[in-house]
There are 2 protein chains.
Amino acid sequence: MSEPGSDTREAAETASGGTRRPRGSDAQVDDRSTAARLIETAAALFRRKGYAASTTRELAELLGIQKASLYYHMSGKDDLLVTICHESLRRITDQVREVAESGPAESRLANVIERHVVTALHDRDMHAVMLIELRALPVERRTSVIERRDQYQHLLHELIESEQKAGRIRADIETKYLTLSLLNLLNWTIFWFDPEGDMAPQELGRTLATIFVEGARSRP
Amino acid sequence: MSEPGSDTREAAETASGGTRRPRGSDAQVDDRSTAARLIETAAALFRRKGYAASTTRELAELLGIQKASLYYHMSGKDDLLVTICHESLRRITDQVREVAESGPAESRLANVIERHVVTALHDRDMHAVMLIELRALPVERRTSVIERRDQYQHLLHELIESEQKAGRIRADIETKYLTLSLLNLLNWTIFWFDPEGDMAPQELGRTLATIFVEGARSRP
DNA sequence: GTCTATACTTCGATAGAC
DNA sequence: GTCTATCGAAGTATAGAC
């Protein structure tokens, strides 16, 4: 399995001109260029404080530059948010589509759920901001993000529908509500998942897949 | 079943002194006193725009008063948020505990899920704000809310654990993760539920209970 | 219980030098 | 690509009259 999003990170590094600031002994510091760190830093800040409560001042400080310098890399604060949303949706769509179209049909749904969880948690900050901060966007800029989000959800809807037709998923609940239930099960995870905790993303993905497909009831 | 929260609304009305402003033909307007409308109006605003992006100006406008007049009813903006969080948790805890302690043990979990959904959607704005805007609270004021939230979640944890011991819920997944999965299934609902839609809260509650307990798999 | 007026702070963004 | 300096707008909250 290719690591989700690693391509983009490298692309940003290359595109930025690769300005590196050697720092001697301080090995902990992220020495990638400002352009390369901007989106990730903004996503982490937005997730922690919320978009509206995050200030360009704090973002600049986290990046180690003056706030005026931010505007060389972005056109405005909401530009960052749009970029985060689109990038997050691009990544998860790519990743999930990959497994949705391969392997034995019987295991596709479980594989999709697992891949979704792994990808969403790999891009945790970006993904959370995309899910929660959409309302902070001016309406004009919101629609393009909503379109891509609906497009992704449509992918899940289609998969569940085909599973219903194949008789593997119950047909007594509308596809729409099965899809929404699955999204419930997946999306709230970003609020509590702890990377330092005792369950790895992949294992959590399998657990959620089990609960969605088989339920919580004990069986002989 | 008693209607969740209706008691509080009446209490607020009474406590405010019951100032009523007759308005002639305009029957659509909420003519309860400012004090009675404040929390609900604030919750609706906070949910739509987010706490940080909501201004006292807009809140005052929605209430039909000047922004300075708000401070007769509250000590500050974050005072409103604390009140909303506590009230929302008080209501759902009361409602859910009621069904968690009555009726046949076999149907308690499903009843709890249904009651949770009905209550959370009845108090939709307050409940959503409580779930999402906690991070907007100054840390000192956050802890008391977190305590009550954890207390509520503990109630669900205990119920699931007892169901596991009774052999009705699978024991091969830790109680902790079964509880978190259930909270996933419940909490994200506030992001998409449409009161004008084709599924009533109670029916949705039963559907989510079915998916959690039985899963999505079709069975003979 | 609501008003007008305003104090004080912080925000996003720009101008222009280096 | 980053800096210093600053602008204008918008925020929360308070003072004091009615």
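Per chain, numbering begins at 1; letters A, B, ... match sequence-line order. All values below come from the heavy atoms of this structure, side chains included, with hydrogens, waters and symmetry mates left out.
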In a table with atom names and distances, give each donor-acceptor pair under 3.5 Å that connects a side chain of residues 136-147 of chain A to protein atoms at least two apart or in another chain.
unit_1: R141(A); atom_1: NH1; unit_2: D78(A); atom_2: OD1; d: 3.4
unit_1: R142(A); atom_1: NE; unit_2: L137(A); atom_2: O; d: 3.0
unit_1: R142(A); atom_1: NH2; unit_2: R135(A); atom_2: O; d: 3.3
unit_1: R142(A); atom_1: NH2; unit_2: L137(A); atom_2: O; d: 2.8
unit_1: T143(A); atom_1: OG1; unit_2: E140(A); atom_2: O; d: 3.1
unit_1: S144(A); atom_1: OG; unit_2: H86(A); atom_2: NE2; d: 3.3

**Q.** Among dT14(D), dA13(C), dA13(D), the nucleotide that comes nearest once only the side chain of A68(B) is considered
**A.** dT14(D)
Q: Provide, to the nearest angstrom, the distance between the CD1 atom belonging to I65(A) and the C1' atom belonging to dC3(D).
A: 11 Å
Q: Round to a whole Å and report the spacing from OH of Y71(A) to C1' of dG16(C).
A: 17 Å
Using atom types as modelled, flag every donor-acceptor pair under 3.5 Å from a side chain in residues 176-183 of chain B to any protein atom, sequence neighbours excluded.
unit_1: Y177(B); atom_1: OH; unit_2: D198(A); atom_2: OD1; d: 2.4
unit_1: T179(B); atom_1: OG1; unit_2: T175(B); atom_2: O; d: 2.8
unit_1: S181(B); atom_1: OG; unit_2: Y177(B); atom_2: O; d: 2.7

Q | Integer-rounded Å distance: dG1(C) P and L63(B) CG | A | 14 Å
Q) Nearest-Å distance, CG (D78(A)) to C1' (dC11(C))? A) 14 Å
Q. What's the closest nucleotide to the H73(A) side chain, out of dG1(D), dC3(D), dT2(C)?
A. dG1(D)
(Q) For a quick test of reading the model: is some side-chain N or O of T34(B) closer than 4.0 Å to OP1 or OP2 of dT2(C)? (A) yes
Q. DNA chain D: R57(A) or G64(A), which has the more 5' nearest nucleotide?
A. G64(A)
Q: Determine whether any donor atom in the side chain of K67(B) lies under 3.5 Å from an acceptor atom in the base of dT6(C), or the reverse, and answer yes or no.
A: yes
Q. Parallel, tilted or perpendicular: which fits the ring planes of H127(B) and H116(B), with parallel below 30° and perpendicular above 60°?
A. perpendicular
Q. Taking OP1 and OP2 of dG1(D), is either one under 4.0 Å from a side-chain nitrogen or oxygen of S69(A)?
A. no
Q: Please work out if S75(A) contacts a base, only the sugar-phosphate, or nothing of the nucleic acid, heavy-atom cut-off 4.0 Å.
A: nothing
(Q) Does this structure show an ion pair linking R57(A) with E61(A), if we count only N-O contacts that are shorter than 4.0 Å? (A) no
(Q) With a 4.0 Å cutoff (strictly under), does any side-chain N or O of Y72(A) reach OP1 or OP2 of dT2(D)? (A) no
